[in-house]
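Side chains included, hydrogens not; waters and symmetry mates left out as well; all remaining heavy atoms used. Not measured: the values here are computed from a predicted model. Numbers restart at 1 for each chain; the letters A, B, ... are given by sequence-line order, proteins then strands.
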2 protein chains.
Amino acid sequence: MVEFYPSKKGGEPISRRYTITELTQMFDVTPRTLRHYEEVGLLQPERRGGQRLYNDRDRVRVQLILRGRRLGFSLAEIAEMLELYDTDPTEVAQLRDVLRRGDHRLREIEQQMEELQALREELLEMRDRLQQALNEKLKGSDPS
Amino acid sequence: MVEFYPSKKGGEPISRRYTITELTQMFDVTPRTLRHYEEVGLLQPERRGGQRLYNDRDRVRVQLILRGRRLGFSLAEIAEMLELYDTDPTEVAQLRDVLRRGDHRLREIEQQMEELQALREELLEMRDRLQQALNEKLKGSDPS
DNA sequence: CCCAACGTTGACGTTTACGTAAGTTTACAG
DNA sequence: CTGTAAACTTACGTAAACGTCAACGTTGGG
């Protein structure tokens, strides 16, 4: 397994458990959201009785999911990316496949970064123009 | 008006007109999409008879809208940003307001860039690990 | 003038990502 | 044991962003 999720190798057993409301408070989401993520297969918490019990791995996954959402990815895309982390490819062919898909995703992300960069620069230019205009308007009329 | 949209100052009148299908082919979207953008107020093409006629400004706006969508923004957010470009603030107060909203959006975008950067680096690390694993598996067994 | 291609307006359908309400269970504090 | 808070399931509702007909208007070439 990747060192992506908290583990106990070389440390204390960080293995906590979280109730659903604890997680909702951590991430400011509703229980429905977490149950939804489970419905679509993004989470599989244990159960004590009927109750869900999330561990640290689940918590990190929630964090990754929410970041993905903020970045505009669909839950399906996020599932794909989490699979990239998770699948422990046993065959060479499968390994190659995961690598290929990962590289593809990487290119998309770098494309997205470029577009975001462009948007940022346009907004910066606009800000400069507006600032200029503001200074003009204030020139002499209000030297406070 | 900002130099954001094509204008004729200092050049030939670049003012072309586009039919709806021309635009759909340019951007690989359906007519329904462009009409939808019009429904929600993002576009206001002229009409010849009943027919829509888009100009260069419209074309650029479509481009900006689609980029916004790829970056995960909602049409409402995109509308806000286009307003930032468009509004030619006459009053100082309004100017200040546009500046404030633009700066807010800028901070959000920079936040988004950081998260995207983090995601990228995680994917890169994963790729390295997988590449490493692949090399191990191929060591000796297939020196092609 | 005619018709095929293009365009238009409703208006209902679909997908995604949850919201919300109702009714039922489970888990402890007292 | 018993109430009360927390959690659960089921199921219908919703907002956004279009998709998808159906039925009708427009227009330019022959």
Side-chain angles (χ1 to χ4, degrees), chain A residues 16-55 58-59 61-83 105 108 112 115 119, chain B residues 16-55 58-59 61-83 105 108 112 115 119:
Chain A
R16 265 207 59 188
R17 298 300 143 95
Y18 309 90
T19 74
I20 198 169
T21 35
E22 280 181 303
L23 272 196
T24 61
Q25 286 163 2
M26 272 180 196
F27 296 112
D28 194 34
V29 296
T30 71
R32 181 66 176 91
T33 299
L34 297 181
R35 295 197 191 105
H36 182 64
Y37 293 164
E38 188 176 346
E39 280 176 29
V40 299
L42 286 173
L43 297 174
Q44 292 155 93
E46 325 158 33
R47 299 294 181 119
R48 187 172 68 181
Q51 236 98 326
R52 290 165 174 82
L53 273 188
Y54 301 89
N55 57 29
D58 294 320
R59 183 179 47 74
R61 285 177 74 92
V62 171
Q63 209 168 334
L64 293 176
I65 294 167
L66 294 176
R67 185 184 63 187
R69 297 253 59 220
R70 285 193 299 273
L71 292 175
F73 296 105
S74 70
L75 292 185
E77 290 174 307
I78 293 169
E80 261 195 54
M81 291 196 262
L82 290 181
E83 271 181 48
R105 186 56 76 185
E108 291 187 347
Q112 190 166 341
E115 295 197 317
L119 173 56
Chain B
R16 266 208 57 187
R17 297 301 142 96
Y18 310 90
T19 74
I20 197 168
T21 36
E22 280 180 304
L23 273 196
T24 62
Q25 286 161 3
M26 272 181 197
F27 296 113
D28 193 36
V29 295
T30 71
R32 181 64 175 92
T33 299
L34 297 181
R35 295 198 191 104
H36 181 64
Y37 293 164
E38 186 176 347
E39 281 176 29
V40 299
L42 286 172
L43 297 173
Q44 293 154 100
E46 325 159 32
R47 302 292 183 120
R48 187 173 67 182
Q51 236 99 325
R52 288 164 175 81
L53 272 188
Y54 300 89
N55 57 28
D58 294 320
R59 182 180 49 72
R61 285 177 74 92
V62 171
Q63 209 167 338
L64 294 176
I65 294 167
L66 294 176
R67 186 185 62 187
R69 297 255 57 220
R70 285 193 300 274
L71 292 177
F73 296 106
S74 71
L75 293 184
E77 290 175 308
I78 293 169
E80 261 196 55
M81 291 195 263
L82 290 181
E83 271 181 48
R105 186 56 77 186
E108 290 185 348
Q112 189 166 342
E115 294 197 317
L119 172 57

Handout entry: Enclosure of Q44(B) CD (heavy-atom neighbours >12, cutoff 6.0 Å)
Key = no
Fill in the blank from the handout: Taken to the nearest whole Å, OH/Y18(A) to P/dA7(D) is 16 Å
Exercise for the section: Could you tell me whether E108(B) and R70(A) make a salt bridge, using a distance below 4.0 angstrom between a side-chain N and a carboxylate O? Expected result: no
Handout entry: G50(A) or F73(A), whichever maps to the more 5' nucleotide of DNA chain C
Key = F73(A)
Exercise for the section: Whole angstrom is fine here: how far is it from CD1 in I78(A) over to P in dT16(C)? Expected result: 13 Å
Exercise for the section: Considering just the side-chain nitrogens and oxygens of Y37(B), establish if one lies under 4.0 Å of OP1 or OP2 belonging to dC18(D). Expected result: yes
Practice task
Determine: side-chain N/O of T19(B) to OP1/OP2 of dG7(C), distance under 4.0 Å, yes or no.
Solution key: yes
Exercise for the section: Scan R52(B) against the nucleic acid and name what it touches under 4.0 Å (heavy atoms): base, sugar-phosphate only, or nothing. Expected result: sugar-phosphate
Practice task
May I ask you to evaluate whether T30(B) reaches the phosphate of dC18(D), defined as a side-chain N or O under 4.0 Å from OP1 or OP2?
Solution key: no
Practice task
Would you please confirm or rule out a distance under 4.0 Å between OP1 or OP2 of dG28(D) and any side-chain N or O of R48(B)?
Solution key: yes
Handout entry: Side chain R48(A), main chain L53(A), donor-acceptor under 3.5 Å
Key = no
Practice task
Indicate whether OP1 or OP2 belonging to dT8(C) is found under 4.0 Å from a side-chain N or O atom of R35(B).
Solution key: yes
Practice task
Write down the distance between CG (L23(A)) and P (dC8(D)), rounded to a whole number of angstrom.
Solution key: 11 Å
Exercise for the section: Using whole Å, report how far CG of L75(B) lies from C1' of dA16(D). Expected result: 8 Å
Practice task
Would you indicate what R69(A) reaches in the nucleic acid, counting non-hydrogen atoms under 4.0 angstrom: base, sugar-phosphate, or nothing?
Solution key: sugar-phosphate
Fill in the blank from the handout: Heavy-atom nearest nucleotide on DNA chain C taken for A76(A) and for G49(A); more 5' hit belongs to A76(A)
Handout entry: Integer-rounded Å distance: dC24(D) C1' and Q51(B) CD
Key = 13 Å
Handout entry: Nearest-Å distance for atom pair CG/C1', residues L53(A) and dA27(C)
Key = 12 Å
Practice task
Grab the CD-C1' distance between Q25(A) and dA6(D) for me, whole Å please.
Solution key: 12 Å
Completion exercise
Between H36(B) and E39(A), whichever has its closest DNA chain D nucleotide further toward 5' is E39(A)
Handout entry: Atom pair distance, as rounded to whole Å: CG in L34(A) and P in dA6(D)
Key = 16 Å
Practice task
Go through the side-chain N and O atoms of T24(A) and T21(A) and say whether any donor and acceptor fall under 3.5 Å apart.
Solution key: no
Handout entry: Atom CZ of R47(A): over 12 foreign heavy atoms under 6.0 Å
Key = yes
Handout entry: Side-chain N,O (T33(A)) to OP1/OP2 (dA17(C)) below 4.0 Å
Key = no
Exercise for the section: May I ask you to verify if any side-chain N or O of R32(A) is less than 4.0 angstrom from the OP1 or OP2 atom of dA17(C)? Expected result: no
